[in-house]
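Worksheet: one structure, shown below.
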Amino acid sequence: MTTVTLHRSDALGVITLDNPPVNALSREVRAGLLARLQEALADDGIKTLVISCAGRTFVAGADIREFDLPLQEPHLPEVLGAVEASPKPVIAALHGTVLGGGLELALACHHRIAVTGTTFALPEVSLGLIPGAGGTQRLPRLVGAPLALDMIVGGARLDAGAALAAGLIDGLGQGEPLALAQTFMHEHPRLERRPTGERHLAPFDLEAFEAQARVLLRKLPGQEAPVQALEALRGAWQLPLSEAMQRERDLFVARRESAQARALRHVFFAERALAGRNRALAKAAPPVELQQVAVIGAGLMGSGIALCLANAGIRTILIDTQAQALERGRATIDSYFSGALAKGRLTAEQASARAALIRCAIDLAAVAEVDLVIEAVFEDLAVKQEVFRQLDRLARPGAILATNTSYLDIDAIAAVTGRPEAVIGMHFFSPAQVMRLLEVVRIRTVAPAVLATAVQLGERLGKTTVAVGNCHGFVGNRLLAVREREATLLVEEGAAPEQVDRVLRDFGFAMGPFELRDLAGIDIAWRNRQGRGEALSAAERACDLIEQLHAAGRLGQKSGAGYYRYEPGQRQGQADPAVAELLAAHRQRRSIIPRSHSDKEILERCLFVMINEAAWLLEEGIVKQAADIDLVWLHGYGFPRYRGGLLYYADDRGLAHIVSTLEGWSDALTERGTEICPRLRQLAAEGRRFLDA
Ligand code: 3HC
């Protein structure tokens with residue numbers, strides 16, 4: 001229940017906001033705050049005011065759920081204007097995460113004190129917005145324009161110590177926020193009003209500021225909000241305060257309705273809904289407690305997984321039966337921790353404590369000590385089955401056996417063990433210690449507690465953990481495979497790899513399909529195609545560019561050439577005339593007359609076949625929630641967050657348009673061994689959307 005109360009204690013009036021879980025500034029809270037403020041101002045006995053919050057945090061922002069509704073009075077800038085104009089001094093007593101509108105409320109108060117551990121940020125740009133209640137004007141007046149730039153445009157977060165040093169807060173201590181406010185008042189018996197808006201902006205180097213702004217914006221390509229946040233911030237020295245406030249508000253109101261902000265809100269709530277479903281899994285079947293975990297295979301993937309586990313404080317045994325591989329794994333781990341130390345991300349104590357959590361072992365028998373094993377050996381079914389036979393023999397009864405396979409049939413792996421209920425997929429993405437996504441692959445036989453354990457572990461590792469069903473490539477790689485197939489067919493028809501990559505980069509991906517293929521390795525794709533054999537459609541088999549590149553020794557970045565040519569030490573590829581020749585010869589052999597493709601056709605072909613495949617994933621029950629498909633591609637494959645995800649994009653484009661476009665290619669789809677998914681047709685026919693279904 002939401003309440004805003006005023007409590008009087010001698011000459012102090014304490015306004016307490018209570019709107020669980022994060023005290024968002026809903027209409028009710030804004031109205032309550034304004035009403036209690038007016039009461040406090042009318043009470044002659046009250047000389048000083050404190051604003052604080054009940055529960056786990058001070059206000060964490062405006063209420064995001066209201067952003068899809070019309071604006072409702074009282075508006076936040078007016079409420080905060082009234083706070084700042086208070087003739088009695090107002091102190092903000094802060095704890096938890098003081099974010100967005102919450103920080104703007106604190107800025108409108110005359111003094112700010114915080115509990116140790118409090119963090120501060122204006123994360124509006126991550127929601128496609130800009131601060132809308134004075135943040136772009138009051139923050140620079142307190143902390144200076146350069147730091148305000150990092151926070152408002154770059155979304156930088158400050159811890160309490162940094163906030164004190166920057167002048168954002170006036171006091172910091174342990175204990176209850178209200179008690180800290182009282183101590184602050186005793187220490188400052190003649191506390192006065194000190195409206196932030198009346199302060200002068202400290203002089204700063206405008207040229208250095210603009211250079212820093214360019215650096216920040218380059219890191220956020222395609223996003224509109226940071227550009228507009230910068231424009232609002234510039235008002236702090238370009239305009240009188242009231243005009244700058246109005247400009248900020250106008251920009252905020254327009255952004256609230258923008259396509260990017262709507263897409264980013266979808267992602268915000270999809271992420272929270274996933275976390276909620278994952279918590280429900282653990283409630284339904286309590287997870288196994290994990291004291292120690294083993295990782296099998298000390299390659300880049302295995303070492304990366306071991307790092308994730310150690311970073312989450314879990315004792316880990318990294319096992320590889322090849323001494324050299326184990327040594328390389330240890331070296332990878334050591335260099336990660338020395339790098340984290342050098343960059344100041346970890347203290348020496350933290351780095352050595354975490355490194356000490358990883359023990360290396362050469363004998364598979366070490367798995368007898370652990371509760372969960374994650375296998376990360378060579379991607380080959382027979383090899384993995386052999387490892388699982390041994391694990392089944394050596395691991396203690398009840399221990400969970402997970403495989404990190406990215407394509408293979410996990411039912412077939414589980415079938416060689418005597419514990420198919422304890423076998424599960426945990427598909428990490430490379431480099432595992434960096435990438436946010438984890439696909440947990442449930443097979444038919446898996447026990448609910450085993451699924452809950454793997455999902456809970458993923459959450460503990462800080463991963464976006466999505467439970468999916470078992471099929472070739474699961475969710476992420478199955479969609480990747482259809483995009484790669486389509487991209488390759490486009491090139492076979494006449495498009496240049498550079499054009500296809502540019503179109504997808506322009507859409508917002510960090511790299512295009514061919515750049516990605518060169519990074520991941522032509523040999524990996526080659527092995528995959530060999531493994532699929534008869535499962536390849538005639539069109540896919542005939543389009544054998546991967547085999548040709550492989551035969552030419554062009555394995556991608558690792559060999560200095562793939563679809564592109566790489567100068568030594570360079571990760572940015574150059575278009576290669578040798579590839580153009582290879583393509584021309586291939587087309588001639590196949591009697592294909594090359595044609596040109598518009599950027600629109602390239603984009604639609606690459607994305608629409610993925611949307612169709614996503615519909616099949618839903619149809620087959622591989623994934624239950626359409627939003628989970630969005631999250632897999634956002635966190636594992638760099639789908640641009642400001643476009644909301646693959647199926648959000650599909651809904652936005654309109655499913656009827658997508659179906660009619662796919663119908664135009666229906667012969668080609670049949671040649672590729674696929675067809676338009678009935679679910680997609682039905683949603684389109686009924687005028688429905690993936691995300692509402
Ligand atoms: N509005 C509405 N609901 C919110 C919310 C907000 N600002 N912030 C969090 N919630 C909800 C979540 O949806 C979730 O709901 P659920 O339990 O029903 O799923 C619940 O609060 C708890 O959130 P989390 O699961 O994320 O809890 P955590 O403890 O992990 O994180 C948090 C808490 C750090 C506050 C995180 O929720 C967060 O970052 N929230 C968004 C903060 C933000 O972006 N604020 C700026 C809003 S825009 C703004 O203020 C505009 C202004 O300038 C006018």
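All ligand and atom numbering here is 1-based and tracks the order in the structure.
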Atom 5 (C) of ligand 1 sits nearest the protein heavy atom V22 CG2, 3.7 Å
Is the CD atom of E78 crowded by more than 12 outside heavy atoms at less than 6.0 Å? yes
So is A275 touching ligand 1 or not, going by heavy atoms under 4.0 Å? no
The atoms of ligand 1 lying under 4.0 Å from a heavy atom of A24, numbered in the order shown, are 1 (N)
The protein heavy atom nearest to atom 47 (C) of ligand 1 is L127 CD1, 3.8 Å
Protein non-hydrogen atom found under 4.0 Å from atom 52 (C) of ligand 1: yes
Could any protein non-hydrogen atom be found less than 4.0 Å from atom 18 (O) of ligand 1? no
Atoms of ligand 1, numbered as shown, that sit under 4.0 Å from any heavy atom of G100: 46 (C), 50 (O)
Here the pair of heavy atoms bringing A92 nearest to C109 is CB-SG, 3.8 Å
Please confirm whether the ring centroid of W633 lies under 6.0 Å from the ring centroid of Y649. no
Note: ligand 1 atoms sitting under 4.0 Å from heavy atoms of F268 are 8 (N), 9 (C), 13 (O), 40 (N), 41 (C)
Are any of the N/O atoms in R272 less than 3.5 Å from those in ligand 1? yes
For the residue pair L438 and G458, what are the closest heavy atoms and their distance? CD2-CA, 3.6 Å
Applying a strict 4.0 Å limit to heavy atoms, is R56 in contact with ligand 1? yes
Got the closest protein heavy atom to atom 39 (O) of ligand 1, with its distance? L99 CD1, 3.9 Å
Please report which non-hydrogen protein atom sits nearest to atom 20 (C) of ligand 1, along with the residue it belongs to and the distance in Å to one decimal place. P21 CG, 3.5 Å
Please report the closest heavy-atom contact between A454 and I424, naming both atoms and the distance. CB-CD1, 3.9 Å
Polar contact flag for R157 and ligand 1 (N/O pairs, less than 3.5 Å): no
Give the numbers and elements of all ligand 1 atoms closer than 4.0 Å to a heavy atom of P131. 53 (O)
Does one side chain, of R255 or S258, offer a donor that lies under 3.5 Å from an acceptor on the other? yes
Does R279 reach ligand 1 with a nitrogen or oxygen that is under 3.5 Å from one of the ligand's nitrogen or oxygen atoms? no
Would you say ligand 1 has an N or O under 3.5 Å from any N or O of G61? no
Any atoms of ligand 1 less than 4.0 Å from a non-hydrogen atom of G132? List them with their elements. 53 (O), 54 (C)
G135 to ligand 1, any heavy atom closer than 4.0 Å: no
For R199, does the CZ atom have more than 12 heavy-atom neighbours from other residues, nucleotides or ligands under 6.0 Å away? yes
So is A62 polar-close to ligand 1, meaning N/O to N/O under 3.5 Å? yes
Starting from atom 54 (C) of ligand 1, what is the nearest protein heavy atom, named by residue and atom, and what distance separates them? E104 OE1, 3.7 Å
closest protein heavy atom to atom 2 (C) of ligand 1 is D63 OD1, 3.2 Å
Looking at every heavy atom in both Q260 and Y642, which two are closest together, and how far apart are they? NE2-CD1, 3.4 Å
Any nitrogen or oxygen of I64, side chain or backbone, less than 3.5 Å from one on ligand 1? yes
For L129 against R256, the heavy-atom pair lying closest together: CD2-CA, 3.6 Å
With under 30° as parallel and over 60° as perpendicular, where do the rings of Y648 and H266 fit, or are they tilted in between? parallel
Check whether any protein heavy atom sits under 4.0 Å from atom 30 (O) of ligand 1. no
Could you tell me whether A60 and ligand 1 have an N or O pair separated by under 3.5 Å? yes
